[in-house]
Amino acid sequence: QMADPFLYNTGERSHYGCLGHEVQIEYLKAYVCRPSFSTDKAVIVVHDVFGWQFPDIRYIVDLIAGHGYITICPDFFKGTKPWTSTDHWADFPDWMKNHDPVKVDKEADVVLKYLKEQCGAKKIGIVGFSWGGMAVHHLMLKNPQLAAGVSLYGRIVRDSEERYRLLNPTFFIFGEKDHTISLDQIFLLEDKLKQYCKAPYKIKVYPGQVHGFAQLKPEDMKPDDKPYIEEARRDMIDWIKMFV
């Protein structure tokens, strides 16, 4: 049996009391959290296969908003059913065909327009996890409106030099023990970025960490992993603060 690519042990989800609210933007629903003061800086969060309503991802949205950014997680699945931990792994490839992480340009444009016109955002960054990490990698190659990106454990697919010409600063976060992304792939990414990338970039591998490590809520963290999870989040925020 193949290792299931994006899924991590989601544990027993405790109920997370969110700080933000849901909005409708054109044909997309989205979860938005604003900081306590007014700002013209924003961050888009791209969810993983579990979708925009998953408590872990809303926790991350609230966390980023707490650092002073209007933070938004749109439903990149456009109302279709996200993957759930009870779905059958055999169906995953078919599900992925209908949820392609590189077909997100239109949704990104809708959200960027909303952030600029309705929220007064002048600088906008993006972070994405797993499926969302792949989407961020794609968008940082295509959309110059995104001032900076953080891609967390997005699988690296479709190797071509076009995959490395990032438009703006991009930070790639990986777990050393991710069963979906080999260290060889990470070294290759580094080599290719050296060759083709003109924008600032950074790659960092966190010791002992598995796929999905950075979005766990505090009560789901194992004590040994906690320092790395917190470090990855700090690094993610620091990258955004440097460029957005």
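Sequence positions, counted from 1, serve as the residue numbers for this chain.
Between the side chains of Asp184 and Ser182, no donor-acceptor pair of N or O atoms lies under 3.5 Å. A donor-acceptor contact closer than 3.5 angstrom links the side chains of Gln215 and Tyr153. Residues Asp62 and Tyr31 have side chains that bring a donor and an acceptor to within less than 3.5 angstrom of each other. Under 3.5 Å, the side chains of Glu107 and Tyr27 contain a donor-acceptor pair of N or O atoms. No side-chain donor-acceptor contact under 3.5 Å links Tyr206 and Asp225. Side chain to side chain, Asp109 and Asn143 meet the donor-acceptor criterion of an N or O pair below 3.5 Å. For the 3.5 Å distance criterion, the side chains of Lys116 and Gln145 qualify, holding a donor opposite an acceptor. Side-chain contact, His211 with Ser130: a donor N or O sits under 3.5 Å from an acceptor N or O.
Taking a cutoff of 4.0 Å between a charged side-chain nitrogen and a carboxylate oxygen, Glu230 and Lys226 qualify as a salt bridge. A salt bridge links Asp235 with Lys204: at least one charged nitrogen is closer than 4.0 Å to a carboxylate oxygen.
Note that CG of Leu216 is 9.0 Å distant from CD1 of Ile60, once rounded to the nearest 0.5 Å. The line from CG of Asp40 to CD1 of Ile70 is 7.5 Å long, rounded to the nearest 0.5 Å. Atom CE in Met134 sits 7.5 Å away from atom CG in Asp100 (nearest 0.5 Å).
Considering only heavy atoms from C-beta on, Val46 stays 4.5 Å or farther from Phe129 through its side chain. For the pair Ile237/Ile64, a side-chain contact is recorded, criterion being any heavy-atom separation below 4.5 Å from C-beta on. Contact annotation: the side chain of Cys73 approaches that of Trp52 to within less than 4.5 Å [non-hydrogen atoms, C-beta and beyond]. Inter-residue side-chain proximity for Ile72 and Val43 is flagged as unmet; no heavy-atom pair is nearer than 4.5 Å.
A donor-acceptor pair is defined here as one N or O able to donate and one able to accept, closer than 3.5 Å; no such pair exists between the side chain of His47 and the backbone of Gly128. A donor-acceptor pair is defined here as one N or O able to donate and one able to accept, closer than 3.5 Å; no such pair exists between the side chain of Lys177 and the backbone of Val210. Put simply, the side chain of Lys103 never gets that close to the backbone of Asn98: no donor and acceptor are under 3.5 Å apart. Within the 3.5 Å criterion, the main-chain N or O of Lys192 finds no donor-acceptor partner in the side chain of Glu190. Looking only at distances, a side-chain donor or acceptor of Thr170 sits under 3.5 Å from a matching main-chain atom of Asn168.
Within 6.0 Å of the CZ atom in Phe243, the count of heavy atoms belonging to other residues, nucleotides or ligands exceeds 12. Other residues, nucleotides and ligands contribute at most 12 non-hydrogen atoms within 6.0 Å of the NE2 atom of His88.
Here side chain to side chain donor-acceptor pair (under 3.5 Å) pairs that include residues 65-81, with residues two or more places apart or in two chains, are His67-Lys241, Thr80-His99, Lys81-Asp87.
In this structure, the ring of Phe77 has its center less than 6.0 angstrom from the ring center of Trp131. Ring centers of Tyr201 and Trp239: at least 6.0 Å apart, outside the cut-off.
Shown here for Val45 and Pro74, the closest heavy-atom pair between the two residues is O-CD, 3.6 Å.
Residues passing the side-chain contact (heavy atoms from CB on, under 4.5 Å) test with Asp224, sequence neighbours excluded: none.
Both Leu141 and Tyr164 are assigned to one and the same hydrophobic cluster, defined by single-linkage of ILVMFWY side chains at heavy-atom distances under 4.5 Å.
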